[in-house]
S.K.: 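So that we are looking at the same thing, I have put the structure below in structure tokens.
Quick note on labels: first sequence line is chain A, next is B, and so on, each numbered from 1.
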2 protein chains.
Amino acid sequence: MRYELYYWPGIQGRGEFVRLALEEAAADYVDVARMPESDGMGVPALMRLLEDKATGRPPFAPPILKCGKQVIAQTANILQFLGPRLNLVPQAEATRVWAHQLQLTITDLVTEIHDSHHPIAGSLYYHEQKPEAQRRAADLRTVRLPKFLGYFEDVLGRNGGKNMVGKTLSYVDLSVFQVVDGLNYAFPKAMARLQPAWPQLLALHQRVMAHPRIAAYLASGRRLPFSTEGLFRYYPELDG
Amino acid sequence: MRYELYYWPGIQGRGEFVRLALEEAAADYVDVARMPESDGMGVPALMRLLEDKATGRPPFAPPILKCGKQVIAQTANILQFLGPRLNLVPQAEATRVWAHQLQLTITDLVTEIHDSHHPIAGSLYYHEQKPEAQRRAADLRTVRLPKFLGYFEDVLGRNGGKNMVGKTLSYVDLSVFQVVDGLNYAFPKAMARLQPAWPQLLALHQRVMAHPRIAAYLASGRRLPFSTEGLFRYYPELDG
């Protein structure tokens, strides 16, 4: 079964959480919007999927995963679907509910990180909401990041310190890696100051980065760079 | 099986999406934090659950559902868990994934509605972020509500106009009811202006409100009133 991932090309964004799972599992997938239009792919293929008048189940926004005839949107929903298929979540049903619960908490954090540079409207440019962004980013650095990352550190510790869920690598570990990686890019000063409070989380970030398939992916052209177009943005004035 | 719901007393908040499902199913449940401390419940019981040092799976925030030994947080995750048990979602696995996808899109909208009165920080009072709230609420009214509710109207139409998912009432219908109900309270002028664009959605809101168990619930003391302490808040200056 070849998976088709549909996401905006040029940025990691929310699509990256799905890419990391597909890459770690060495899944057969195609990143449709980054492939040539001449092959029937590219952004036009993404737009066709978003604007498909014939489907009864239109997705609201990317990322979208197509698996045969099934079309699935919402990052955490995609990961919940892929987890068992890619062997990236434990077997027990209650453990899967718990993994999804953690993923939804990561989703909440990701929204707050996005809104730190877009606190007023996604339809406005950053420079049109810069004073508001500075206020919101200050709260993110001093209140929200300590709360969320302190929580994930605590969860990791209660589970033995190696993995967020169960005894082997799961999609939750991959997502925690991505969040820490993105925050290190977007808030280097704040993260340097805060990091001593999260030793296990940072060790997990390092371990995931060194996983053979993830290491190969990060070194490849398939891994897009962080940028001020994406979810995690580096604006020095937001870093305190 | 008696369900225990743990949520802040005094507000509908995110807990209301769970309450509506439990009420429609006439489930055996107790709203723990609203029960007497003298019976071992009340807010102290909620705090004990949040601060339980012995659990390996601590919830980040309410609402939290306890079902036997299983403790589940994140509103959409709780509804996904309850759906099959309360007969509030169709059988087919792919349909359940789709229902959850819609619920997660509702979750996104709910966060945006919350942030329209708290665009800078949940830790600050509304009056400390009022100019920012006015800017964000204007974007919510003119850009985001039309986009989200237009999407739900479209989904409802593609499914025949009666239910969001499948052929019978699901937890998604209950959540759409709650969002429309809350928006009617918080943004009466904007909703009066926008409503003609969403005839099927408003008819669904009316039908759910008239469902015997929901009608009985809404007329009971168990339904808390909307207020400027909750998720949906009426501030005239945010209504345009």
S.K.: Less than 4.5 Å to any heavy atom of chain B: does that hold for the side chain of A:N77, its backbone, both, or neither?
M.R.: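 Both backbone and side chain.
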S.K.: For each of B:A121, B:G157, B:A73, tally heavy-atom pairs with chain A at distances under 4.5 Å, and name the one with the top tally.
M.R.: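 Result: the option with the highest number of such pairs is B:A73.
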S.K.: Checking B:R57 against A:T95: is there a side-chain donor and acceptor pair closer than 3.5 Å?
M.R.: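 The criterion, which ignores hydrogens and geometry beyond distance, is satisfied for B:R57 and A:T95.
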S.K.: Looking at A:Q129, A:E132, A:R135, which one has more heavy-atom pairs under 4.5 Å with chain B than the rest?
M.R.: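 Top count of heavy-atom pairs under 4.5 Å with chain B: A:R135.
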S.K.: What is the minimum heavy-atom distance between A:L102 and A:F152, and which atoms define it?
M.R.: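 Answer, listing the atom of A:L102 first, then A:F152: O-CE2, 4.2 Å.
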S.K.: Rounded to the nearest 0.5 Å, how far does CG of A:N159 lie from CH2 of A:W98?
M.R.: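 Here the rounded value is 8.5 Å.
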S.K.: Measure distances from A:V71 to the heavy atoms of chain B and classify the residue's part below 4.5 Å as side chain, backbone, both or neither.
M.R.: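 Contact with chain B is through the backbone of A:V71 alone.
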S.K.: How about A:I64 and A:L50: do any of their side-chain heavy atoms sit closer than 4.5 Å?
M.R.: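 Of all side-chain heavy-atom pairs linking A:L50 with A:I64, at least one is under 4.5 Å.
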S.K.: If I measure from the heavy atoms of chain A, does B:T55 come under 4.5 Å with its side chain, its backbone, both, or neither?
M.R.: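 For B:T55, the contact with chain A is made by backbone and side chain together.
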S.K.: Can you say whether B:Q70 sits under 4.5 Å from chain A via the side chain, the backbone, both, or neither, judging by heavy atoms?
M.R.: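 Contact with chain A involves the side chain of B:Q70 alone.
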S.K.: Does any backbone or side-chain atom of A:I78 lie under 4.5 Å from a heavy atom of chain B? Answer side chain, backbone, both or neither.
M.R.: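 Answer is neither: A:I78 stays 4.5 Å or more from chain B.
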S.K.: Pick whichever of A:G122, A:P119, A:A94, A:P58 has the most heavy-atom pairs under 4.5 Å with chain B.
M.R.: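 Top option by heavy-atom pairs under 4.5 Å: A:P58.
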S.K.: With only heavy atoms counted, which part of A:Q101 is less than 4.5 Å from chain B, the side chain, the backbone, both or neither?
M.R.: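 When you check distances to chain B, atoms from both the backbone and side chain of A:Q101 fall under 4.5 Å.
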S.K.: Top residue by heavy-atom pair count (under 4.5 Å) with chain A, among B:D139, B:D108, B:I120?
M.R.: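 Greatest number of close heavy-atom pairs with chain A: B:I120.
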S.K.: Tell me whether the centres of the aromatic rings in A:Y126 and A:H117 are closer together than 6.0 Å.
M.R.: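 Between A:Y126 and A:H117, the centre distance exceeds or equals 6.0 Å.
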S.K.: Determine whether B:Q80 and B:Q103 make a side-chain contact, defined as any pair of heavy atoms from C-beta on separated by less than 4.5 Å.
M.R.: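 In short, these two side chains do not touch, never coming nearer than 4.5 Å.
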S.K.: Check whether A:P131 gets within reach of chain B through its side chain, its backbone, both or neither, counting any heavy atom under 4.5 Å.
M.R.: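 No part of A:P131 comes within 4.5 Å of chain B.
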S.K.: May I ask you to decide whether B:K189 forms a salt bridge with B:D239, counting only side-chain N to carboxylate O separations under 4.0 Å?
M.R.: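 So B:K189 does not pair with B:D239 through a salt bridge.
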S.K.: Measure from the ring center of B:F148 to the ring center of A:F60 and say whether it is less than 6.0 Å.
M.R.: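 For B:F148 and A:F60, the ring centres are under 6.0 Å apart.
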S.K.: When only pairs under 4.5 Å are counted, which of A:E112, A:K53, A:E93 shares the most heavy-atom pairs with chain B?
M.R.: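 Among A:E112, A:K53, A:E93, the one with the most close pairs to chain B is A:K53.
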